[in-house]
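Structure first, commentary second.
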Amino acid sequence: MSDSEDAAPRVAIGITFGNSYSSISHTTVEGRAEVIANEEGDRQIPSILSYIDGEEFQGTQAKAQLVRNAKNTVAYWRDFLGKSFESVDPTPCHQSAHPIAHDKTVAFSIHDSESEEPNNVTVSEITTRHLRRLKDSASDFLGKQVTAAVMTVPTNFAEVQKDALREAAQNAGIEVLQFINEPVAALLAYDARPEAKLADKIVVVADLGGTRSDVAVIASRGGVYTLLATSHDWEVSGSKLDEALMDHFAKEFRKKYNTAGDPRKDERSLAKLRLESEAVKKALSLGSTASFSVESLSAGIDFTATITRTRFELLARAHFAAITRLIQSTVEKAGLDPLDVSEIVLCGGTSHVPRVATSLQSAFPEKTVVWAPATRTDAINPSELVARGAAIQASLVADFDQEDIRESCHPVVTVTPHLKDAIGVLAVSGDERGHGKFVPIVLASTSVPVRRTAIINGPPAGGDVLIKICEGSKRIHVEHKEKKEREPVEADSDDSDAELSEDEEPIKSEVWHTERVIAEAALRGVAKGAKIEVQINVGPDTGLTIVAREVGGKASVRGSVPAYEES
Amino acid sequence: MDPIKVPLPLPVLAADWSAPAHDFHAFTPVSAAVQREIEPVGPHFLAHARRKRYKRTFSEDER
Ligand SMILES: Nc1ncnc2c1ncn2[C@@H]1O[C@H](COP(=O)(O)OP(=O)(O)OP(=O)(O)O)[C@@H](O)[C@H]1O
Ligand SMILES: [Mg+2]
């Protein structure tokens, strides 16, 4: 750790360790983030370990053991780290090794050796074993020993959980350089694309996993991220979609073989049903039909059936609606309107489901970009987003001392003043003569210090110009359309909204409201048709420096507004 | 970040406009800020941390 300077250089990777799947990632010599396939060719490696006669299996091989060797197969434990048995929800482990109380933590009683007696293997030890396998896969791929990693965690992962994860990683020979929040990693992966443009925007990241869904509303300000609100939900997730299909196929099976019994009532049948239903669900993300096929599903009967995507969407309709609602309510929690959301980044495996993305797109304004395979051909694979972000961060901090990284993450550095309102200038709007129109230059929820520049048209005839610096806030204007038969539709209203307007959906639009005038400046003698550059510099104490100048001309003016002082 | 482009024109200065000094009139400070935590992630955060650490301004940092 502290003697890392003397030791061989660090080899750092990104690791995402989910309850359902894990990924390892690195950046190529060209600086591109890439998810590594393990020996079995998997980039999404099931977070599962299984033991047969003392031999350890991981990932896809271990997952297959859920049918025959469920008691010695450990799965869905990530969230148990650093917790007491009383405070965890063991539900996801119903079909694998059951968690038990052990000292102050959680363990699994499994036959992980050749001895007759089972061992109590703690969640910490299981994590170490899993991470060691991940590290070995990455080392094999890279051809050198991995020694360090940036790991991703949910935004509600408590400090004690991070400590437990750090220790488990340490025991696997992995120095955790930094824990970063999963939704931020996903956003970083998009912002790191060569074609990405830096912008000020509100981005919602919805991480839809196997056992949980997590949503974060993020103010993204020139590549600096601030979490405005988060939500976590264990009721809507990928496994619920699997269960909708399990119920469907179990019923189909019983219809066909009514004496054979319910496959959900037998543990082995249930495990087969679950594995195949997940496979069918994934197939339906790509194709419009999929086939279900299980040998000896129940009572020795082989069962095959087909299902269409449409049927699946009907079966899981309530879940899709719940995901949309979760995202909407998190936007509300942040004190924002759907109109404020520039982009929704969908990550996590469940984001592959086309209907999840299309339902969301129709629930949000048309201008809100929904990043998912079903809505954008240039979307990044949602299963890889968080891992890619981790790899990018790993490449950024790999050469730093632990101490430097810790200092950078300290509240002294991260807790900063954020603007309450937007700062901008008043321009002349075409129609409201005499009234200024507020044009935002630095947005609310931007951390300071910050500098932003705008290029604004001068008055058409040139001359002396008024630069009026104001604070403004965005308001949502709601127009309730009156129901008037035969009235011609307004020219600019969208045809595709026709259905909605029939339901009297109000028309919403954003309106900037000038809150107060901060300063005025005069820029004298600008040329006809000149362009004017206004630069706003907000200092660390929110004191302003304003510089306005004619682009390519001589006119310029500069002034400052001291910060608000608490008396 | 690229400058924001605003197609609307700025207003013409009123003939009787005056300022205490240098054509600039400061009226009131911006509203009190809200303390929030920025995420210690990504290249732009690192630039922020560097500026904070060495107490540099944006233009000093660019030099
Ligand atoms: N192509 C796909 N189509 C539909 N669902 C998919 C697809 N790929 C993966 N999934 C589902 O995504 C879920 C796993 O999501 P993810 O890989 O994000 O796991 P995770 O972060 O470990 O989840 P959690 O911690 O919530 O359990 C599983 O339910 C899986 O079936
Ligand atoms: Mg996840």
Side-chain angles (χ1 to χ4, degrees), chain A residues 180-181 184 188 191 198 222-227 393 396 408-409 413-421 423 425-429 436-437 439 441 447-448 451-460 463-467 471 516-522 532-533 542 544 557 559 561-564, chain B:
Chain A
I180 64 173
N181 283 323
V184 180
L188 181 62
D191 280 351
L198 268 190
V224 175
Y225 312 118
T226 302
L227 293 178
Q393 184 68 11
L396 290 174
S408 292
C409 299
V413 176
T414 58
V415 176
T416 65
H418 284 60
L419 295 178
K420 181 177 164 283
D421 284 330
I423 305 171
V425 288
L426 280 201
V428 181
S429 60
K437 187 181 155 88
V439 177
I441 297 176
S447 85
V448 299
R451 184 180 61 186
R452 289 286 182 273
T453 307
I455 308 281
I456 314 173
N457 286 347
D464 295 349
V465 183
L466 172 66
I467 314 284
E471 271 186 326
R516 62 192 69 76
V517 182
I518 301 293
E520 284 183 359
I532 290 152
E533 185 193 272
T542 72
L544 296 188
V557 62
V561 186
Y564 173 86
Chain B
M1 230 172 76
D2 290 345
I4 302 147
K5 300 256 158 47
V6 184
L8 294 173
L10 287 165
V12 173
L13 191 71
D16 58 355
W17 188 89
S18 71
H22 307 296
D23 273 347
F24 191 89
H25 198 159
F27 293 110
T28 177
V30 299
S31 304
V34 186
Q35 292 289 337
R36 287 183 185 279
E37 207 173 327
I38 57 177
E39 295 289 303
V41 174
H44 300 281
F45 167 79
L46 287 180
H48 158 85
R50 195 176 57 230
R51 283 191 299 269
K52 193 143 182 169
R53 190 154 180 184
Y54 300 110
K55 299 196 166 45
R56 286 191 207 140
T57 64
F58 287 96
S59 32
E60 282 163 359
D61 198 42
E62 279 159 5
R63 256 174 247 149

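Numbered from 1 within each chain, the chains take letters A, B, ... in sequence-line order.
Smallest separation of non-hydrogen atoms from B/Phe24 and A/Ala521: CD1-CB, 3.6 Å. Annotation for B/Pro9 and A/Pro459: closest pair CB-CA, 4.3 Å, computed over non-hydrogen atoms. Smallest separation of non-hydrogen atoms from B/Phe45 and A/Ser408: CZ-O, 3.2 Å. A/Val465 and B/Leu10 make their closest contact through CG1-CB, 3.5 Å (heavy atoms, listed as atom of the first residue, atom of the second, distance). A/Ala427 approaches B/Leu8 most closely through the heavy-atom pair CB-CB, 3.8 Å. Closest approach of B/Pro29 and A/Val561 over heavy atoms only: CA-CG1, 3.9 Å.
Residue A/Gln393 touches chain B through its side chain alone, counting heavy-atom pairs closer than 4.5 Å. If you measure heavy-atom distances from A/Arg516 to chain B, the contacts under 4.5 Å come from the side chain alone. For a residue to count as touching a neighbouring chain, one of its non-hydrogen atoms must lie under 4.5 Å from one of that chain's; by this rule A/Val425 touches chain B with the side chain only. Residue A/Val439 touches chain B through its side chain alone, counting heavy-atom pairs closer than 4.5 Å. For chain B, the nearby part of A/Ile467 is the side chain; its heavy atoms alone come within less than 4.5 Å. The part of B/Leu46 that comes within reach of chain A is its side chain, from C-beta onward, which places non-hydrogen atoms under 4.5 angstrom from that chain. For chain B, the nearby part of A/Leu544 is the side chain; its heavy atoms alone come within less than 4.5 Å. Interface remark: A/Ile518 contributes backbone and side-chain atoms alike to the contact with chain B (heavy atom separation under 4.5 Å). With a 4.5 angstrom heavy-atom cutoff, A/Ile423 touches chain B only via side-chain atoms. With a 4.5 Å cut-off on non-hydrogen atoms, A/Ile456 touches chain B through its backbone and its side chain both.
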Quiz item: Going through the distances and angles, do A/Thr453 and B/Met1 end up as a side-chain contact (heavy atoms from CB on, under 4.5 Å)?
Solution: CA-CA 8 Å; A/Thr453 307; B/Met1 230 172 76; over 6 Å; no
Quiz item: Where do B/Ile4 and A/Ile441 land on the side-chain contact (heavy atoms from CB on, under 4.5 Å) test, with the steps shown first?
Solution: CA-CA 7 Å; B/Ile4 302 147; A/Ile441 297 176; 3.9 Å; yes
Quiz item: Do B/His44 and A/Asp191 pass the side-chain contact (heavy atoms from CB on, under 4.5 Å) test, and can you show the C-alpha distance, the side-chain angles, and the key distance before you say yes or no?
Solution: CA-CA 11 Å; B/His44 300 281; A/Asp191 280 351; over 6 Å; no
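Contact count versus chain A (heavy atoms, under 4.5 Å) is highest, among B/Ala21, B/Gly42, B/Pro7, B/Pro11, for B/Pro11. Taking chain A as the reference chain and counting heavy-atom pairs below 4.5 Å, the highest number among B/Pro43, B/Pro40, B/Ala49 is found for B/Pro40. Ranking A/Ile455, A/Val448, A/Thr226 against chain B, the residue ahead of the rest is A/Ile455, based on heavy-atom pairs under 4.5 Å. Note: B/Ser31 leads B/Ala26, B/Ala33, B/Ser31, B/Pro3 in heavy-atom pairs under 4.5 Å with chain A. Chosen from A/Glu471, A/Arg452, A/Lys420, the residue pairing most often with chain B at heavy-atom distances under 4.5 Å is A/Glu471. Contact count versus chain A (heavy atoms, under 4.5 Å) is highest, among B/His25, B/Arg36, B/Lys5, for B/Arg36. Ranked by heavy-atom pairs shorter than 4.5 Å toward chain A, the options B/Glu37, B/His22, B/Arg50 are led by B/Glu37.
Considering only heavy atoms from C-beta on, A/Asp421 stays 4.5 Å or farther from B/Val30 through its side chain. A 4.5 Å side-chain heavy-atom check between A/Leu227 and B/Glu39 finds at least one atom pair inside the cut-off.
With hydrogens and angles disregarded, no donor-acceptor distance shorter than 3.5 Å links the side chain of B/His48 to the backbone of A/Thr414.
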